[in-house]
Amino acid sequence: MSQFPDAKFILSAASPQQFPADRGSEVAVAGRSNAGKSSAINAIVNRRQLAKTGKTPGRTQLINFFELGKGQRLVDLPGYGFARVHAEVRRNWSLLLESYFEGRASLKGLLLVVDCRRGLGEFDLTMLAFADDRRIPVHVLLTKADKLNKKDAAASLQQAQAQLGASASVQLFSALRQRGLEESREALLRFLGTERRQR
């Protein structure tokens, strides 16, 4: 049974004016367009099609808000670094994300989705720095762990831990094999129940 039985889609926002009321707590999910972000969201929430998945990476071009419970939201941010889109669209994404991070007092944490075969890339490190600057705690999901053997998966985790240090927690994750679900849910619940760190 899902820990979030009342999870539902609220709205897709193309501008800050369309964001829902800035109350309660919310956790954002970010990652490369082909890192398995939507699959991770669906697995964690245990709802098959809460976040839409597709064969073409980069379909999420808006900020999608989901209600998990009263005063609790999960926010699916536009994927980055892969989608073949027009430069103007990329610029709009950047401005939209900047407005979101700068203006949301209810933002309590960030789940950063990273393909374990690729490791942390330039955009991921930029997102980590962005979150750290705003004192937003981060938990990294090394997705698609089923694509690696045990030895290589362990090496991927060790490398990420070395890169991240104390800046974020990290785990191996596989939506397909249902691996790491409890740990990721614990991180989500921890963020939803934690006030943003003070400067």
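It should be emphasised that the depicted structure is a prediction, and the values quoted were computed from it without experimental measurement. Side-chain atoms are counted along with the backbone in the values below, which use heavy atoms only and exclude waters and symmetry mates.
- Within the 4.5 Å cutoff, the side chain of F101 has heavy atoms near those of the I136 side chain.
- In this structure, the side-chain contact (heavy atoms from CB on, under 4.5 Å) partners of Q163, at least two apart in sequence or on a different chain, are L120, Q159.
- Listed here is the closest heavy atom pair of S106 and D22: OG-OD1, 2.6 Å.
- The pair R179-D146 fails the salt-bridge criterion, with no side-chain N (NZ, NE, NH1 or NH2) lying under 4.0 Å from an Asp/Glu carboxylate O.
- Counting only heavy atoms from C-beta outward, the side chains of L188 and L68 approach each other to under 4.5 Å.
- No donor-acceptor pair under 3.5 Å is formed between the side chain of N64 and the backbone N or O of D76.
- Both F130 and L112 belong to a single network of hydrophobic side chains, linked directly or stepwise wherever heavy atoms of I, L, V, M, F, W or Y lie under 4.5 Å apart.
- Without hydrogens or angle criteria, S99 side chain to L95 main chain gives a donor-acceptor distance under 3.5 Å.
- Across every non-hydrogen atom of V113 and A35, the tightest pair is CG1-O, 3.5 Å.
- Inter-residue side-chain proximity for L96 and P16 is flagged as met; some heavy-atom pair is nearer than 4.5 Å.
- How far NZ of K37 is from CG of N42: 11.0 Å, rounded to the nearest 0.5 Å.
- Side chains of L62 and P78 form no contact here, defined as non-hydrogen atoms less than 4.5 Å apart.
- Residues forming a ring pair (Phe, Tyr, Trp, His ring centres under 6.0 Å) with Y100 (at least two apart in sequence, or on another chain): F19.
- L176 and L141 are assigned to two separate hydrophobic clusters, defined by single-linkage of ILVMFWY side chains at heavy-atom distances under 4.5 Å.
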Begin from the C-alpha positions of N34 and R118 and carry the test side chain to side chain contact (heavy atoms under 4.5 Å, CB included) through to its verdict.
CA-CA 11 Å; N34 56 345; R118 290 179 173 270; 3.4 Å; yes
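- Under the 4.5 Å side-chain heavy-atom criterion for ILVMFWY residues, a single connected hydrophobic cluster contains both F123 and L97.
- Summarising the geometry of L192 relative to R73, their closest heavy-atom pair is CD2-O, 3.8 Å, with the distance given to 0.1 Å.
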For side chain to side chain contact (heavy atoms under 4.5 Å, CB included), just list the numbers for Q171 and E186, CA-CA rounded to whole Å, side-chain angles, deciding distance to a tenth of an Å, and then say yes or no.
CA-CA 12 Å; Q171 67 164 107; E186 287 173 5; over 6 Å; no
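- Residues L11 and P20 share a closest heavy-atom pair of CD1-CD, 4.1 Å.
- No side-chain donor-acceptor contact under 3.5 Å links S184 to the backbone of I44.
- Judged by distance alone, the side chain of T143 and the main-chain N or O of V114 form a donor-acceptor pair under 3.5 Å.
- In this structure, N46 and R185 have side chains that are in contact, with non-hydrogen atoms separated by less than 4.5 Å.
- For the pair L189/Q3, a side-chain contact is recorded, criterion being any heavy-atom separation below 4.5 Å from C-beta on.
- Applying the ring-ring contact (aromatic ring centres under 6.0 Å, His included) rule to pairs touching residues 134-164 yields nothing, sequence neighbours excluded.
- When every heavy atom of A175 is checked against every heavy atom of A43, the shortest pair comes out as CB-CB, 4.0 Å.
- In this structure a side-chain-to-backbone donor-acceptor pair under 3.5 Å is missing from R32 to D124.
- Around atom CD of Q158, no more than 12 heavy atoms belonging to other residues, nucleotides or ligands sit under 6.0 Å away.
- For the atom pair CZ (F65) and CG (L77), the distance works out to 8.0 Å, reported to the nearest 0.5 Å.
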